[in-house]
Undergrad: 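Okay, handing you the structure first.
Heavy-atom basis, side chains included; hydrogens, waters and symmetry copies ignored.
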Amino acid sequence: MSTPPLAGAGMPPGAFSGTQAQAAREVNTASLCRIGQETVQDIVFRTMEIFQLLRNMQLPNGVTYHTGTYQDRLGKLQEHLRQLSILFRKLRLVYDKCNENCAGLDPVPIEQLIPYVEEDGSKHDDRGAASQLRFASEERREIMEVNKVTK
């Protein structure tokens, strides 16, 4: 049994890097939002750790303070602040990329997303959608009547 050739054997180096780089640039907007959510959670976690460090630090009120302990805590605090600034930069990149991906989309008014029909009963060509809208309108009317009774 022979071994399969290596991926790129006989190919010039970097032949696949163009397609891989293109795939890395075209990230799904939903994935970007998930990455942004995780980044925000990391920011909150780091901020809580910073406040915990600050709460546990003692003020130098004439008390002899070990310089080693002070330097250690200061180093931890500076590291957390550095990581926090990196996370904020990452969040900004995700935000910019999401805005870039959604730039061509027209915002849909919320009123168009809600299946609601006025009392005048406007007519639609699609009978299935019209019956669904009529049903939603009847449900709304019933809910409004129940709300009037409970008030």
Side-chain angles (χ1 to χ4, degrees), residues 3-9 11-119 122 128-129 131-151:
T3 59
L6 296 174
M11 300 288 289
F16 294 107
S17 65
T19 57
Q20 290 173 350
Q22 183 68 19
R25 275 188 237 130
E26 294 179 16
V27 179
N28 186 1
T29 305
S31 298
L32 282 174
C33 290
R34 183 185 47 79
I35 291 169
Q37 178 184 2
E38 291 171 356
T39 304
V40 168
Q41 290 172 347
D42 289 345
I43 288 171
V44 170
F45 179 72
R46 288 278 182 186
T47 306
M48 287 174 32
E49 287 181 346
I50 288 171
F51 281 121
Q52 185 69 25
L53 280 172
L54 290 173
R55 191 175 76 189
N56 290 336
M57 290 180 104
Q58 294 178 352
L59 294 174
N61 295 333
V63 179
T64 56
Y65 203 60
H66 293 76
T67 57
T69 306
Y70 171 76
Q71 291 296 329
D72 182 45
R73 288 184 180 173
L74 182 63
K76 285 181 184 178
L77 186 61
Q78 287 176 339
E79 176 64 22
H80 282 301
L81 290 172
R82 187 182 67 77
Q83 289 292 328
L84 196 61
S85 75
I86 290 171
L87 288 171
F88 272 111
R89 278 187 256 146
K90 178 180 175 183
L91 185 62
R92 183 61 186 197
L93 289 173
V94 169
Y95 174 78
D96 290 340
K97 187 66 177 173
C98 283
N99 277 342
E100 178 184 317
N101 289 349
C102 297
L105 299 176
D106 292 330
V108 178
I110 296 174
E111 293 82 18
Q112 290 182 355
L113 299 175
I114 300 171
Y116 174 75
V117 175
E118 291 289 333
E119 308 307 332
S122 60
S131 65
Q132 288 178 350
L133 290 174
R134 203 172 304 114
F135 178 72
S137 178
E138 290 172 7
E139 278 187 337
R140 181 182 177 276
R141 196 174 309 116
E142 289 174 6
I143 291 172
M144 294 296 286
E145 289 174 6
V146 169
N147 284 342
K148 286 179 184 177
V149 169
T150 58
K151 288 181 182 179

Undergrad: Does the side chain of Lys76 reach to within under 4.5 Å of the side chain of Asp72, using non-hydrogen atoms?
TA: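 In short, these two side chains touch, coming nearer than 4.5 Å.
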Undergrad: To the nearest 0.5 Å, how far apart are CG in Asn99 and OG1 in Thr29?
TA: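 One finds 10.0 Å between CG of Asn99 and OG1 of Thr29.
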Undergrad: Using the side-chain contact (heavy atoms from CB on, under 4.5 Å) criterion, which residues pair with Glu138? Sequence neighbours excluded.
TA: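 Arg134, Arg141.
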Undergrad: Would you give me the side-chain donor-acceptor pairs under 3.5 Å for residues 40-50, sequence neighbours excluded?
TA:
from: Arg46; atom 1: NH1; to: His80; atom 2: ND1; distance (Å): 3.1
from: Thr47; atom 1: OG1; to: Ile43; atom 2: O; distance (Å): 2.7
from: Glu49; atom 1: OE1; to: His80; atom 2: ND1; distance (Å): 3.3

Undergrad: Step by step, work out the side-chain hydrogen bond (donor to acceptor under 3.5 Å, both in side chains) result for Gln52 and Arg55.
TA: CA-CA 5 Å; Gln52 185 69 25; Arg55 191 175 76 189; 3.2 Å; yes
Undergrad: Quick one: closest heavy-atom pair of Thr39 and Leu87, and the distance?
TA: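 Taking every non-hydrogen atom into account, CG2-O, 3.4 Å.
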Undergrad: If you measure from NZ on Lys97 to SG on Cys102, what distance do you get to the nearest 0.5 Å?
TA: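 It is 11.0 Å, given to the nearest 0.5 Å.
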Undergrad: Tell me every residue that passes salt bridge (Lys or Arg N to Asp or Glu O under 4.0 Å) with Glu139, counting only those two or more places apart in sequence or in another chain.
TA: none
Undergrad: Compare all side-chain heavy atoms of Leu74 with those of Gln78 and state whether any distance is below 4.5 angstrom.
TA: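 Yes, side chains in contact.
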Undergrad: Quick one: which residue pairs count as a salt bridge (Lys or Arg N to Asp or Glu O under 4.0 Å) with a foot in residues 80-91, not counting sequence neighbours?
TA: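 Residue pairs with at least one partner in residues 80-91: Glu79-Arg82.
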Undergrad: Nearest heavy-atom pair of Leu91 and Gly36: which atoms, and what distance?
TA: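 Answer, listing the atom of Leu91 first, then Gly36: CD1-O, 3.8 Å.
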Undergrad: Rounded to the nearest 0.5 Å, how far apart are CZ of Arg140 and CD1 of Ile114?
TA: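 Here the interatomic distance stands at 10.0 Å.
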Undergrad: Of the non-hydrogen atoms in Leu32 and Cys98, which two are nearest, and what is the gap between them?
TA: CB-SG, 3.5 Å
Undergrad: When rounded to the nearest 0.5 angstrom, what distance separates CG in Leu81 from CD in Gln83?
TA: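 It is 10.5 Å, given to the nearest 0.5 Å.
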